[in-house]
Participant: 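My questions all concern the structure below.
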Amino acid sequence: MFPEITREDVFRLETRRLWLRWPFAADVVAAAVPGDAALPEADAADRYRSDEVAKTERLRQENAEGSALHLMLTGRGSDRRPFGAIALSPIRERIENCGLLLQVSLAEDRRGSGLMTEAVQAVADAAFMLTETPLIAASSRVLDPGFRRVLEKCGFAYCGTGLDTTAAGGSLAASERFRLDRKAWTSLKTWRIPGVVRHRDGGQAGSPADSTMCPA
């Protein structure tokens, strides 16, 4: 699905304000988690971190295999700690490739800044440039109008409603379905192509996107 250029952990996308790069085990930081009644709080936290590290390794493996693309959102300044994530994974119907599914998360204190719009644009550009996918699909929970606005700004068209499993799992939530096909993406003439970087010395193929990208 994804080409060789995305399968090395030095790959990243650059936009005006963001670096989108592979996840690393170092991204897993100590977090407050509910303690298990049968375990000391420290043991519960260690178990949580262990689960997160295992998840990170699974995402890295999918990147290396080219079966998906998982990227962390970080700033281009001195603080490179991630504050969001974005992923593309294949949508398959029987054995036919029917496109890519887009999923995005962003820290609460970064919302409303246009960063999610910037990230979605960059990943959509990369998907259509680097793969043969006919379309990108995404879902927005009915209770999350902000993500709907992001998708609409990036050219995604509404195509119906449905029920999706929540991030926590085990329950369903009403969602609105959107899609961006290759023809619609091609017509978005104001978009700039994101910089694609894969060299440890900072060399890059292409030029970083600038402020002429779609505003937030």
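In what follows, every heavy atom counts, from backbone to side chain, and hydrogens, waters and symmetry copies are set aside. Everything quoted here is computed from the prediction, not taken from an experiment.
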Participant: Check the pair R76 / R17 against side-chain contact (heavy atoms from CB on, under 4.5 Å), numbers first and verdict last.
Facilitator: CA-CA 6 Å; R76 292 186 63 177; R17 294 178 292 172; 5.7 Å; no
Participant: So how far is it from F147 CZ to F156 CZ, rounded to the nearest 0.5 Å?
Facilitator: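 The CZ atom of F156 is 7.5 Å from CZ of F147, to the nearest 0.5 Å.
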Participant: Nearest 0.5 Å please: distance from the CZ atom of F178 over to the CD atom of E152.
Facilitator: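 If I round to the nearest 0.5 Å, the distance is 5.0 Å.
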Participant: Flag yes if V150 and V142 sit in one hydrophobic cluster, no otherwise; membership is Ile, Leu, Val, Met, Phe, Trp, Tyr, and two members link when side-chain heavy atoms are under 4.5 Å apart.
Facilitator: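 No, V150 and V142 fall in different hydrophobic clusters.
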Participant: Locate the shortest heavy-atom distance separating G66 from R7; write the atom from each residue and the value.
Facilitator: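 Shortest heavy-atom separation between G66 and R7 comes out as CA-NE, 3.4 Å.
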Participant: Side chains of E57 and Q61: any donor to acceptor distance under 3.5 Å?
Facilitator: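 Per modelled atom types, Q61 and E57 side chains form no pair under 3.5 Å.
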Participant: Assess the residue pair L151 and S140 against the criterion (side-chain contact (heavy atoms from CB on, under 4.5 Å)); give the C-alpha distance rounded to whole Å, side-chain angles, the decisive distance to 0.1 Å, and a yes or no.
Facilitator: CA-CA 9 Å; L151 293 173; S140 172; 4.3 Å; yes
Participant: Same cluster for L88 and L135 if Ile/Leu/Val/Met/Phe/Trp/Tyr side chains link at under 4.5 Å?
Facilitator: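 Cluster IDs for L88 and L135 differ.
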Participant: Applying the side chain to side chain contact (heavy atoms under 4.5 Å, CB included) criterion to W19, which one of L73, L13, L71, T74 satisfies it?
Facilitator: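 The single option meeting the side chain to side chain contact (heavy atoms under 4.5 Å, CB included) with W19 is T74.
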Participant: Side-chain heavy atoms nearer than 4.5 Å, only ILVMFWY residues, links allowed to pass through others: does that put V104 and L20 together?
Facilitator: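 Same hydrophobic cluster.
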Participant: List the atom of A127, the atom of L100, and the distance in Å for their closest heavy-atom pair.
Facilitator: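 Residues A127 and L100, closest heavy atoms: CB-CD1, 4.0 Å.
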Participant: So, is the end of the R148 side chain (NZ or CZ) under 6.0 Å from the ring centre of Y158 and within 45° of the ring's axis?
Facilitator: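 Yes, cation above the ring, under 6.0 Å and within 45°.
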Participant: Got a second to check how far E65's CD is from M1's CE, nearest 0.5 Å?
Facilitator: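 Reported value, rounded in 0.5 Å steps: 13.5 Å.
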Participant: Take R60 and W22 through the side-chain contact (heavy atoms from CB on, under 4.5 Å) test and state the conclusion after the steps.
Facilitator: CA-CA 7 Å; R60 287 175 57 83; W22 272 42; 3.5 Å; yes
Participant: Are L59 and I91 linked, directly or through other ILVMFWY residues, by side chains that come within less than 4.5 angstrom of each other?
Facilitator: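 No, because L59 and I91 fall into different hydrophobic clusters, even though each may have its own neighbours under 4.5 Å.
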Participant: Judged by modelled atom types alone, do E118 and T15 share a side-chain donor-acceptor pair under 3.5 Å?
Facilitator: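 Side chains of E118 and T15: pair found under 3.5 Å.
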Participant: Quick check on the hydrophobic clustering: are F11 and F2 connected, directly or via other members, by side-chain heavy-atom contacts under 4.5 Å?
Facilitator: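 F11 and F2: one cluster.
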Participant: With a 4.0 Å cut-off, would you call K183 and D181 a salt bridge?
Facilitator: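 Looking at K183 and D181, the cut-off is not met.
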Participant: Grab the two heavy atoms, one from M72 and one from P23, that are nearest each other, plus how far apart they are.
Facilitator: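 Reported closest heavy-atom pair: CG-CA, 3.5 Å.
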Participant: What's the spacing between L130 CG and E4 CD if we round to 0.5 Å?
Facilitator: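 So the gap between those two atoms works out to 12.5 Å.
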Participant: Do NZ/NE/NH1/NH2 and the carboxylate oxygens of D27 and R21 come within less than 4.0 Å?
Facilitator: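 Yes, charged N to carboxylate O under 4.0 Å.
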Participant: Does a side-chain N-to-carboxylate-O contact under 4.0 Å join R110 and E108?
Facilitator: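 Here R110 does not pair with E108 in a salt bridge, since their nearest N and O are not under 4.0 Å apart.
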Participant: Minimum heavy-atom separation for A25 to T56, with atom names?
Facilitator: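 The answer is N-CG2, 3.9 Å.
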Participant: Between CE of M116 and CG of L106, what distance do you get to the nearest 0.5 Å?
Facilitator: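 M116 CE to L106 CG: 4.5 Å, rounded to 0.5 Å.
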Participant: Please report the shortest heavy-atom distance between C154 and Q121, naming the atom on each side.
Facilitator: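 So the minimum-distance heavy-atom pair works out to SG-CG, 3.6 Å.
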Participant: Got a second to check how far R182's CZ is from W185's CH2, nearest 0.5 Å?
Facilitator: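 Result: 6.5 Å between the selected atoms.
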Participant: Might you point out which heavy atoms bring L18 and F83 nearest each other, and give the distance in Å?
Facilitator: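 Taking L18 first and F83 second, the nearest heavy atoms are CD2-CZ, 3.6 Å.
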